[in-house]
Amino acid sequence: YSEQAPLLTSKFFNVCCDETDGLGTGPSKELAAQIGVGGVYTRHIRRLHDLLRDKYGKRMMMWGDIILNHPGNLADIPKDTVMLTWGYDPRGSFDAQITPFAKSGYEFFVCPGVSCWGRVLPDFQVSVTNISNFVRDGAKQNALGMLNTTWADSGENLEGCNWYGIAWGAECAWNASATPVAAFNQRVGAVLFGDGGPEFGEAVELLGTVHRLPAFENMADGAFWKTDFAQLLKDEKAATIQAEALKGIVRMAKAKLSVARKSALMHAEILDQFIFGADRMELMADRIIEGGKAGLAYRQAAAAPEFSGASTLLGNGCTARVRQLRDTLAALKERYIELWNRENRPFALDVVTRRFDAAIGYYDGVLKRLAAAEEDLKNHRPLPPIEQIGFPTVHAGS
């Protein structure tokens, strides 16, 4: 605090103290047995409060999630504390996270989020509902204001993609969530890019729907790195239908984003990040669609009565598709590096480029095994079992 508090012109200082996993265990276990877990927590909070007030002249802010789990200790926290009550789901009412603070006489901020963390692109549908409902309920109970949040849990989210949710948060905070999102989407492009057209807002609406596709629920960035073809294992036909739906939505959104990009008068580089995220989504779809076709071609080649026909099936039907997936991923890596360097220092870039390298390496391994299989065909030897190449052997529902 001695390093940070003197640098801040604000009268507020957020001590955070959220998500205290392990509280009341380890070194604090004995004390927790005497005064309770909530007592351990509030004793620490009071020490922070007094330090900030007496030494640095700051008013303490703190996240409210932990004390809500110990309501009997809420009164132990000094009343001049500003509570930051947060939640990121699209629930219909946030009163349960607001009322305890409002009734106890604390001033508070409501703290929704843009739903960017751990996702290829933010979950725009979740963030719209989360922000509007949280702000609406906070305004009813006289919140001091709204503190909108973005997080980058996986370390790979690009900040530009958060600006839609940030702009929506500003809109809701300005008028207590009175604006219909459809009306906002018609003019958000003009606000962010000086573009009077509706294409950006329409693209966001489309991209928000992909998170509801069962095979791509939440469009997690962790799922992007699952480069093998395991999604085909459960039900290749159902997975392919979902992938085709994803690809159709993404392509419509990309067309609208391209129009917005061409007509943008400012901040056009932000749209490059949206297009990049959509391209990542399209690759996730192609991994299923083209992966399924590649696996089918391999099975057909293995069953072909003539080695010459099998070679064509293997080369054009299987190897070419895997190579295209690999090359697309490699091109995305180079674009990611460029986009990252536009807005960040490079010190943490390797965290994500290592993921790209591992994914590219997976496809290189499949291609190496396919090349060996092609040699087997040239020498009139049967193809290895498909699972040795890297494709699943079970195709339920296909």
Side-chain angles (χ1 to χ4, degrees), residues 120 213 215-216 221-248 250-251 279-337 352-398:
V120 174
L213 293 171
F216 301 96
D221 52 22
F224 178 80
W225 304 114
K226 295 178 181 177
T227 46
D228 61 24
F229 303 107
Q231 264 186 296
L232 298 170
L233 191 60
K234 290 184 179 180
D235 190 330
E236 181 173 338
K237 183 176 181 180
T240 302
I241 290 171
Q242 292 287 304
E244 293 282 7
L246 171 62
K247 191 167 182 175
V250 167
R251 287 199 162 180
D279 284 340
R280 290 182 73 191
M281 289 179 173
E282 187 167 357
L283 178 58
M284 292 174 74
D286 279 337
R287 189 167 65 219
I288 293 175
I289 297 167
E290 298 304 314
K293 291 177 180 178
L296 175 61
Y298 190 92
R299 295 194 300 273
Q300 290 174 337
E306 296 183 6
F307 286 104
S308 59
S311 180
T312 300
L313 282 167
L314 187 62
N316 296 338
C318 185
T319 301
R321 286 189 164 92
V322 175
R323 183 173 291 111
Q324 182 60 48
L325 292 172
R326 184 260 181 218
D327 291 347
T328 300
L329 189 61
L332 286 174
K333 174 190 171 182
E334 296 308 311
R335 286 172 62 194
Y336 182 86
I337 292 171
V352 183
T353 55
R354 284 198 299 267
R355 296 172 191 155
F356 274 106
D357 290 340
I360 293 167
Y362 168 79
Y363 288 121
D364 285 340
V366 174
L367 288 169
K368 183 177 180 180
R369 292 188 289 275
L370 284 171
E374 290 185 25
E375 285 297 317
D376 287 336
L377 284 179
K378 289 178 183 178
N379 292 291
H380 296 277
R381 292 193 297 266
L383 291 176
I386 191 170
E387 67 270 12
Q388 291 184 18
I389 302 299
F391 294 93
T393 56
V394 178
H395 299 271
S398 60

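Just so it is clear, the model here is predicted, and its values are computed rather than measured.
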Side chain of [X], backbone of [Y]: donor and acceptor closer than 3.5 Å?
X	Y	value
Arg369	Gln388	yes
Thr240	Ile289	no
Arg381	Ala373	no

Closest non-hydrogen atom pair between [X] and [Y], with its separation:
X	Y	value
Ala223	Arg287	O-NH2, 3.1 Å
Thr227	Ala359	CG2-CB, 3.2 Å
Gly295	Ile386	O-CD1, 3.7 Å
Phe391	Gly291	CE2-O, 3.7 Å
Ala301	Ala310	O-CB, 3.4 Å

Would you compute the distance between atom [atom1] of [X] and atom [atom2] of [Y] and round it to the nearest 0.5 angstrom?
X	Y	atom1	atom2	value
Glu334	Thr353	CD	OG1	9.5 Å
Leu332	Phe224	CG	CZ	5.5 Å
Leu313	Leu296	CG	CG	9.0 Å
Leu383	Asp376	CG	CG	7.0 Å
Met281	Leu213	CE	CG	9.5 Å
Leu283	Leu246	CG	CG	10.5 Å

> Regarding Gln324 and Thr328, is there a side-chain donor-to-acceptor distance under 3.5 Å anywhere?
Replying inline: yes

>> Quick one about Ser311 and Glu374 (side-chain donor to acceptor, distance below 3.5 Å, no hydrogens or angles considered), yes or no?
In response: no

Report yes if some heavy atom in the side chain of [X] is under 4.5 Å from a heavy atom in the side chain of [Y]; otherwise report no.
X	Y	value
Met284	Val120	yes
Glu282	Asp279	yes
Tyr362	Leu329	no
Val322	Glu290	no
Leu370	Cys318	yes

Between [Y] and [X], does any NZ, NE, NH1 or NH2 come within less than 4.0 Å of an OD or OE carboxylate oxygen?
X	Y	value
Asp357	Lys333	yes
Asp286	Arg321	no
Glu375	Lys378	yes

> Relative to each other, are the rings of Phe356 and Tyr336 parallel, tilted or perpendicular (30° and 60° limits)?
Replying inline: tilted

